[in-house]
Undergrad: 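Sharing a structure with you now.
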Amino acid sequence: MKIFIDTADTAELEAAFATGLVDGVTTNPSLIAKSGRDFKEVTKEICSMTDGPVSAEVASTDYKIMVKEGRVLADLASNVVVKLPLTVDGLKACQDLTEDGINTNVTLCFTANQAWLAAKAGATYISPFIGRLDDLGMDGMELIGDIRALYDAHGYETEILAASIRSTAHVQDAAITGADVATIPPKVFNQLFGHPLTEKGLDAFVKDWASTGQSIL
Ligand code: G3P
């Protein structure tokens, strides 16, 4: 499973990319607003930090304007993926931009039927929102499994990009359930590495090695 980081904060992205384990980035209008920066500037900066895909979302809800906005976003950098909402207009725009050769990420997906329509529209990625379903007491991970089964049954190549990740359990379960990508908030990404027993065990190794008085170098 590929790891994308879900933020427009370039300082957090720099730290995440330094691990060598990050494959791409997703942003959305809320994350751009949170950055407090010009969307073109911050999107271009993020695209310069990686060769991997960087999702940048349209602002309009109108089909024709979404297509225009998508072309503007795609022109910012070669690794921009245009993010579109899962609506009739969004899927119409997805088809036009796909015909242009522009990669797309259809977002705000909450049912397998929606994911099926996005695949038929040629979406490069589909973003099912796990956390927002869980927030309503529903089973967001079940949606990942349903989309995986539907796509595999019909040979759709759209990549399942697990989104709205709230915990390390979401990441692990998304990987086990067959998501192609997980887009992870920086805080959750950093939590993936640690475990108290790892820290305790390493402290013991360091202490015991020091007691030998030896050096490998
Ligand atoms: O960026 C798309 C998705 O990851 C948003 O997550 O936490 O706003 O539900 P969240």
Side-chain angles (χ1 to χ4, degrees), residues 1-13 16-17 21-37 39 42-43 45-47 49-50 52-61 66 69-70 73 76 79-87 90-91 93-94 103-112 114-115 118 123-145 147-148 158-175 177-192:
M1 183 173 78
K2 287 175 273 190
I3 293 175
F4 292 1
I5 302 297
D6 195 32
T7 186
D9 183 316
T10 50
E12 289 179 320
L13 285 172
F17 279 121
L21 298 172
V22 174
D23 303 298
V25 180
T26 56
T27 68
N28 63 40
S30 303
L31 293 171
I32 296 293
K34 188 178 176 184
S35 77
R37 295 182 58 186
F39 80 94
V42 70
T43 302
E45 182 178 343
I46 293 171
C47 288
M49 298 173 75
T50 176
V54 176
S55 289
E57 189 161 342
V58 298
S60 177
T61 57
M66 279 194 248
E69 290 180 339
L73 293 172
L76 294 177
N79 53 332
V80 163
V81 174
V82 176
K83 223 175 181 183
L84 300 154
L86 213 154
T87 61
L91 295 188
C94 180
N103 289 329
T104 55
N105 176 0
V106 174
T107 190
L108 288 166
C109 173
F110 296 97
T111 70
Q114 286 182 314
T124 312
Y125 301 99
I126 183 69
S127 289
F129 278 30
I130 300 167
R132 294 192 191 185
L133 286 170
D134 287 3
D135 292 346
L136 298 178
M138 303 170 77
D139 184 348
M141 202 54 65
E142 185 179 15
L143 174 59
I144 302 293
I147 297 170
R148 180 75 283 155
T158 298
E159 292 192 52
I160 301 172
L161 197 166
S164 191
I165 297 269
R166 297 276 198 278
S167 66
T168 57
H170 275 167
V171 178
Q172 181 175 293
D173 290 347
T177 308
D180 299 289
V181 187
T183 192
I184 309 170
K187 180 185 174 189
V188 175
F189 175 69
N190 295 330
Q191 290 169 344
L192 291 174

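Counting starts at 1 for both ligands and their atoms, following the listed order. The residues of the chain are indexed from 1 along the displayed sequence.
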Undergrad: Near ligand 1, which protein residues have a heavy atom under 4.0 Å away?
TA: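 Asp6, Asn28, Lys83, Phe129, Arg132, Ala163, Ser164, Arg166.
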
Undergrad: Output, in order, the C-alpha distance, side-chain angles, deciding distance and verdict of side-chain contact (heavy atoms from CB on, under 4.5 Å) for Asp139 and Leu133.
TA: CA-CA 6 Å; Asp139 184 348; Leu133 286 170; over 6 Å; no

Undergrad: Residues two or more places apart in sequence or in another chain: which of them pass side chain to side chain donor-acceptor pair (under 3.5 Å) with Glu45?
TA: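 Glu45: side chain to side chain donor-acceptor pair (under 3.5 Å) contacts with Arg37.
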
Undergrad: Mind checking ring pair (Phe, Tyr, Trp, His ring centres under 6.0 Å) for Phe110 and listing every partner two or more places apart, or none if nothing turns up?
TA: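 Result, ring pair (Phe, Tyr, Trp, His ring centres under 6.0 Å) vs Phe110: Phe129.
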
Undergrad: Donor-acceptor pairs under 3.5 angstrom involving side-chain atoms of residues 180-188: please list them, not counting sequence neighbours.
TA:
from   : atom 1 : to     : atom 2 : distance (Å)
Asp180 : OD2    : Arg148 : NH1    : 3.2
Asp180 : OD2    : Ile160 : N      : 2.7
Thr183 : OG1    : Thr26  : OG1    : 2.5

Undergrad: Let me see the working for Leu143 and Ile130 under side-chain contact (heavy atoms from CB on, under 4.5 Å), right down to the final yes or no.
TA: CA-CA 8 Å; Leu143 174 59; Ile130 300 167; over 6 Å; no

Undergrad: Taking only Lys NZ, Arg NE, NH1 and NH2, and the carboxylate oxygens of Asp or Glu, determine whether Lys34 and Asp9 approach each other closer than 4.0 Å.
TA: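 Answer for the salt bridge query: no.
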
